[in-house]
Undergrad: 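Encoded as structure tokens, here's the structure I'll be asking about.
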Amino acid sequence: MELPKARGGSERPLLSVVDDDESVRESLPDLLGELGFAARAFSSAEEFLASDCLAQTSCLILDIAMPGMTGPELYQELKRRGQEMPIIFITGQRDETVRARVLKQAAAGFLLKPFSDGALLSAIKMALQDS
Amino acid sequence: MDAQVNPATQEVKRLQRLINDLVSLLALPAIWSSNEPAQIVQVLLDALLRMLRLEFAYACLKDPVTSAPIEILRIADSCKLQATPQEIGMMLSAWLKQAGDNSRPPAGSQFGKTDISIFPVPLALHGEMGTIVVGSERADFPNQTESLLLSVAANQASIGMREAELLNKQKRIANELDGRVAERTRALAQANEELKKEIDERRLAEARLLQEERQLKRSEVHKAAILDSSIDCVIAIDHEGCITEFNPAAEQTLGYRRNDVMGKHLADVIVPSSLREKHRSGFDRYLSTGEARVLGRRTEMTALCADGREIPVELAITRIPQDGPPAFTGFLRDITERKRNEDALRAAHAQVVQSEEQWRSVFENSAVGVALTDLTGRFIATNPVFQKMLGYTEEEFRQLTFFEITHEENVEHNRTLIGELLDGKRQQFQIEKQYRRKDGQPVWVRNNVSVVSGTERMPRFLMALSEDITQRKLSEEALAKARSELANVARMTSLGVLTASIAHEVNQPLSGIITNASTCLRMLSADPPNVDGARETARRTIRDGNRASDVITRLRTLYSKKEPSPEPMDLNEATREVTALSLSEIQRVGVILRWELADDLPPVVGDRIQLQQVIFNLIRNAVDAMSTIDDRPRELLIRTQRDEGNQVRLSVKDSGAGVTPQAAEKIFDSFYTTKTDGMGIGLSVSRSIIDAHQGRLWAALNDGPGCTFSFAIPCSPEGLSDAETPANRTDPADAA
């Protein structure tokens, strides 16, 4: 499997995960690791914005519904800061209007929980190629 | 011996005997005088039989009055002949006819088997009175002497019979005369009797006349007394109209003094000037033509009093029955009072008629049904609305009691109420009940029933004002049905919403399970396999699997039970469970959730599932209310606390748009909603659930933004003893 190169010259591209669900933050980084990526997890948009990972993140895996700043709101904030990056939205809500809206707003991918590792990998590949 | 007798002597003896016989015959009339002809002939026949030594002597006579034949037969004792007079008559009749004209038939005729010389002797010159036939055995019968004797005898008999006949005639005439005299006498006696009676009557009449005269005298005294004491005014006038009598009542009523008006013209005294001309002309007309308009009947007039007042009077004038010029008596009565009463009565009557008409109009035109029944419930009268409502005619109703058309289920209750009404325990009552129409269709009515106290003419009766509420009842039934359907829809709707949020809830552990399982597989497939990593991810998979299972269990519990089953329960625990189910929704909308659950909350008795549905509803509504809020934090506070009056309260406070005070009550109605996508049924169902728990559900605006929905329900009796302990009590404010 040929993986795209990470930004900043690192061997393994960094994927950041922002989700208020602990089980996602717990399991997803391990899977991403198995898939050959470096991964970091944040419990909220605010925590991610406050971290030093923004610049190194090649792709953001972002939950839509979160207490405080929601996923789409974080996207707006990043865009406002000029720190746009490929984003794969993940959500447990089967809501087509939300899906259409976020995809239109330059989302690289949209995954409905629960998703398979295959679907996740293709979405990541797509996102990294687009960038 | 005879031959020896001297013939002269014999002749003398014969002649002497003849003279004796003749004397005897001539003496006969002395015997038979005034006797009947039959008796005369009988005596004669006996004398001849003896005198002439005959075998028999027969006579056939004509009854002088009736002309019927009378046959008489005398037979000598020595004779052997035995026959009745009729038999002899029969034997002789043929011979008699033959010898009819021959007054002297030949002697020695044969009679029967015996040789008997028979000899007929006519009575009267040509036998007009009958015939005597004599018979003797002697062949020479009758000799000269015997013939003489026979003719003398017949002559004597004829004379005797004629005399007897004359005598009879005289007797008859005398009798007739006697009869006439008697009759005339009777008639005279009767006439006499009648005359007597007439005389008696006349006497009686005279006596009566006398008495009447006395009475008349007495009645004149009476009349004077009556006149003086009469309540009526009595005024008499003569033929010129001048007053001849004026009694005390007239003085009192009209104010004139008797002495002042006596002899004055009536018209100048009591007749008002406006009527005087009419009075005079009427009076004159009567005198000249006899035509009377006021005589002999009661009329109402106006009379003039001494003080100038004119009063209504009733007047009756009669002509005094006396000879000579006419005179009149007037009976006059002041009817001012009566007039007034009559007017009042007339006015009252008019009022009664009017009020009756009004009542009738109300009855007929009333928009509600009106039915009057007797105390047994039998219809007396019904108005058109009532008739139309039930489909019976007035006549058909009169054959019915209202119990007969009342639904069986209502009859007993209805009867009880009527009983209380009749016992005076209540003035009236209202009943909602079902009637059966004539066509069998049910009609719901609300009846206002009262008992109407009777009058002299009418006994007590019942009056029912009947309003057809069938439509309302049907609406109510439809509403109740709709409400129960709504409750179901609400459940289904909240289930739908719940399913979505549950899906999210389940998806999270599910998502973890799949991710962990994928990772686990990859770790085991690596070279070398990462066994420690795989163990860790497998452990997480099991943990997330259990977590998903818990969610499913809670979901199943929430929706599996249908019938409410009250049980002691911990409201805090129930709240936590529901909140856990709503958590993802809360988080999705970005709501900050806070808990303030009282530690000392006493248990309540209720249906856990129903109460959880209410809490779920309140939380969902709060979250929805805040979904559009951007200018302030979306905050949700769920609080439980002890309330006054042994109640437990749960409040859900949001920072949403809030409700206007006007909407605060309406939001509990079905279908009221301020949300564009909501059904608006959650709150109405919630309120009915809390009502069923003897609790209260209400909404209140916060001091700050948003509003608070709360319910309070009684805590269970077992929980009270603990809760009452002051040590366990925490002020709600402390919890907050």
Undergrad: Is Asp52(A) paired with Arg40(A) through a side-chain N to carboxylate O contact shorter than 4.0 Å?
TA: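 Yes, this pair counts.
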
Undergrad: Is it the side chain or the backbone of Asp20(A) that comes within 4.5 Å of chain B heavy atoms, both, or neither?
TA: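 Side chain only.
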
Undergrad: Using 4.0 Å as the upper bound for N to carboxylate O, is an ion pair formed by Asp532(B) and Arg535(B)?
TA: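 Yes, this pair counts.
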
Undergrad: For Arg634(B), is it the side chain, the backbone, both or neither that has a heavy atom under 4.5 Å from a heavy atom of chain A?
TA: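 Interface part for Arg634(B): neither.
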
Undergrad: Answer yes or no: are there more than 12 heavy-atom neighbours, outside Asp703(B) itself, under 6.0 Å from its atom CG?
TA: no

Undergrad: Do the charged groups of Arg539(B) and Glu536(B) touch, with an N to O distance under 4.0 Å?
TA: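 Salt bridge: yes.
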
Undergrad: Does any heavy atom of chain B fall under 4.5 Å from the side chain of Glu26(A), the backbone, both, or neither of them?
TA: both

Undergrad: If I measure from the heavy atoms of chain A, does Ile514(B) come under 4.5 Å with its side chain, its backbone, both, or neither?
TA: side chain

Undergrad: Can you tell me if CD on Glu22(A) sees more than 12 non-hydrogen neighbours from other groups inside 6.0 Å?
TA: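 Counting other residues, nucleotides and ligands, CD of Glu22(A) stays at 12 neighbours or fewer.
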
Undergrad: Using non-hydrogen atoms and a 4.5 Å limit, figure out which bit of Asp544(B) sits close to chain A: side chain, backbone, both or neither.
TA: side chain

